[in-house]
Amino acid sequence: MSSRARSGPVPASGAALPASTQPLMGVALLVLSMWALSSLDASGKWVMAAGVPMLLLSWVRYAAHFVVALGLIVPARGWGILASRRPREQMLRGGAMLGATLLFFTTLSYLPQAEATAINFLAPLIVLLLAPWVLREPPRLSRWIAAGVAFLGVLVVIRPGGGLDPTGTMFGLAGAFCFSVQYIASRRVAADDPLTSVIWSGGVGTVVLSLSLPYVLPAALPVLRELDPLHWCVLVSTGVTGCLGHLLQIAAYRKAAASTLAPFTYLQIVSSTTTGWLIWGHFPDALTWLGIAIICGSGITIGVVEWRRARRKAGGET
C-alpha cells in the first residue's frame, strides 16, 4: 500500500527486468511480497487505531524503509547504486508514491482492509486507460472495456447500503488515481536499476515527511508515551515490510516473466482479507466478493489480452 497493483503488471520499479526460467520461484516470491505489503497495511491500520497520527506513521514507514534499503542494498552494490539517470522522474515517482501512501492510510482509517485494497486495484486499469496520452501507446478498445468493467466492480463494492463510509470511499478512489500516477512515473525511470528506485522512494518520502515533524510530533508525544513495546514493534515494522515487499517483487520479476506473474498480483485481495479477518474479524459479504471478482477478472483478462498482443507483435518482428 503501500504499493500494490501495477499496469499490466510491471515490477515495483517499473523497469523491465530480465526473467529467468524459474516461474514457480517467481510466483512464490511474488506471493510473499503480497503478504508483506498486506502486513504493512494491517500494521498501519492497527497503530492508527491506537492513536498514532497518520503523518507520523507514514514518516516511520518511510524512514525505516530508507534505512533498511540502504542497509541491505549498499553493502552489496556500493554507493553508486544511489545514482539515478533521471533524478527528476525519481522525485516525481517518490512524491506520487508518498501521496498514494497517505491517501491509502487515510482510507484504511475509514474502511476495512479488503474493501480498501479492492478499490486500489483500479490503479493499473487507470494506467491502461491513460496510456495513449501519457505513455504514447496506441489506444485500445479492450482497455476501455476492461477499465469500465473494473469500475462496475468497484461500484458493487462501494454500493449504497454496503456499509462503507463515503469519506473513506472518496479517499480510496483518490488513492487509486495517485497510485496510477506512481506506476506511470515508474515507467519513466525504467532506465534506472530497480534497487535504485527502492532507495529513492524511501528517501523522498523520508525527506518530505521530515518537514512535517515539528508540527506533528509535539501533539503526538502523549500518545507515543503510552505505546507499549508491541505497538512500537508494529509501528517500525511498517517500514521493514514495505521495503521487503518491494525487494521481493523485484526478485520475483527476475525469476519469472511479468505475463506469468500478472494473475497472481490479485492474490493480495486474499492476503488483505485474511489479515483483516484475523485482526478485526471483518469478512466481506457476498456482494462485496462479487465486486472483487469483477475487478480481478477484468484485470486478469486484460493482462492476458495484452500478453497475447505482445506475443503476436514479437512473432511478427522475428
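Under the 6.0 Å cut-off for aromatic ring centres, W59 and F66 do not qualify, their centroids lying 6.0 Å or more apart.
No side-chain heavy atom of S43 sits under 4.5 Å from any side-chain heavy atom of T241. Y110 places none of its side-chain heavy atoms less than 4.5 Å from the side chain of L164. The shortest side-chain heavy-atom distance between W46 and L230 falls under the 4.5 Å cut-off. Between E115 and T169 there is no side-chain heavy-atom pair separated by less than 4.5 Å. At a threshold of 4.5 Å between non-hydrogen side-chain atoms, the residues K45 and I279 do not count as touching. Using a 4.5 Å heavy-atom cutoff, the side chains of V156 and I295 are not in contact. Counting only heavy atoms from C-beta outward, the side chains of L55 and L213 never approach each other to under 4.5 Å. Looking only at side-chain heavy atoms (C-beta outward), W289 and T273 come within less than 4.5 Å of each other.
More than 12 heavy atoms of other shown residues, nucleotides or ligands fall within 6.0 angstrom of atom CG in L278. Atom CZ of R159 has more than 12 heavy atoms from other residues, nucleotides or ligands within 6.0 Å. Heavy atoms from other residues, nucleotides or ligands lying under 6.0 Å from CE of M54 number more than 12. The local environment of CH2 in W277 is sparse, with at most 12 non-hydrogen atoms from other residues, nucleotides or ligands closer than 6.0 Å. No more than 12 heavy atoms of other residues, nucleotides or ligands sit less than 6.0 Å from atom CE of M25.
For the atom pair T238 OG1 and M48 CE, the distance stands at 10.5 Å (nearest 0.5 Å). Here the straight-line distance linking atom OG of S272 with atom CH2 of W35 works out to 8.5 Å at 0.5 Å rounding. We find the CG-CG distance between L173 and N120 to be 10.0 Å, quoted to the nearest 0.5 Å. The distance from atom CZ of R61 to atom CG of L57, rounded to the nearest 0.5 Å, is 9.5 Å. If you take CD1 on I119 and CZ on F151, they are separated by 10.5 Å, rounding to the nearest 0.5 Å. How far CD1 of I73 is from CG of L247: 5.0 Å, rounded to the nearest 0.5 Å.
Without hydrogens or angle criteria, T106 side chain to L102 main chain gives a donor-acceptor distance under 3.5 Å. Judged by distance alone, the side chain of T206 and the main-chain N or O of Y62 form a donor-acceptor pair under 3.5 Å. Judged by distance alone, with hydrogens and angles left aside, the side-chain atoms of S180 form no donor-acceptor pair with the main-chain N or O of V127 at under 3.5 Å. Side chain of R86 to backbone of R188: a donor-acceptor contact under 3.5 angstrom is found. No side-chain donor-acceptor contact under 3.5 Å links W200 to the backbone of M91. A distance-only check finds no donor-acceptor pair linking the side chain of S33 to the backbone of L248 [under 3.5 Å].
Neither L211 nor L217 shares a network with the other; the hydrophobic side chains, linked directly or stepwise wherever heavy atoms of I, L, V, M, F, W or Y lie under 4.5 Å apart, form separate groups for each. Linking Ile, Leu, Val, Met, Phe, Trp and Tyr residues whenever their side-chain heavy atoms come within less than 4.5 Å leaves V67 and V198 in two separate clusters. Under the 4.5 Å side-chain heavy-atom criterion for ILVMFWY residues, no single connected hydrophobic cluster contains both I199 and L92. Cluster membership for L32 and L244, using ILVMFWY side-chain heavy atoms within less than 4.5 angstrom, is not shared. Both L155 and I126 belong to a common hydrophobic cluster when Ile, Leu, Val, Met, Phe, Trp and Tyr are linked at side-chain heavy-atom distances under 4.5 angstrom.
Nearest heavy-atom pair across A118 and I292 is CB-CG1, 3.8 Å. Shortest non-hydrogen contact noted between T107 and A116 is CG2-CB, 3.8 Å. The shortest heavy-atom contact between G242 and L40 is CA-CD2, 3.9 Å. Of all non-hydrogen atoms in D41 and Q113, the two that sit nearest each other are CB-NE2, 3.5 Å. A pairwise comparison of heavy atoms in P284 and A114 identifies CG-CB, 3.8 Å as the closest pair. Of all non-hydrogen atoms in C178 and L103, the two that sit nearest each other are CB-CD1, 3.9 Å.
A donor and an acceptor atom, one from each side chain of D192 and S197, are nowhere located under 3.5 Å apart. Checking D285 against T288 by side-chain atom types alone, a donor-acceptor pair falls below 3.5 Å.
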task: Could you give me the CA-CA distance, side-chain angles and deciding distance for T117 and F104, then say whether side-chain contact (heavy atoms from CB on, under 4.5 Å) is met?
output: CA-CA 9 Å; T117 302; F104 190 72; 4.0 Å; yes
message: Working note: T275 + W280, criterion side-chain contact (heavy atoms from CB on, under 4.5 Å); need CA distance, chi angles, decisive distance, verdict.
response: CA-CA 8 Å; T275 52; W280 294 282; 5.8 Å; no
message: If you apply the rule side-chain contact (heavy atoms from CB on, under 4.5 Å), what do you find for V149 with T301, and how did you get there?
response: CA-CA 11 Å; V149 171; T301 300; over 6 Å; no
Stepwise side-chain contact (heavy atoms from CB on, under 4.5 Å) test for Q90 and R85: CA-CA 9 Å; Q90 284 285 7; R85 298 179 184 180; over 6 Å; no
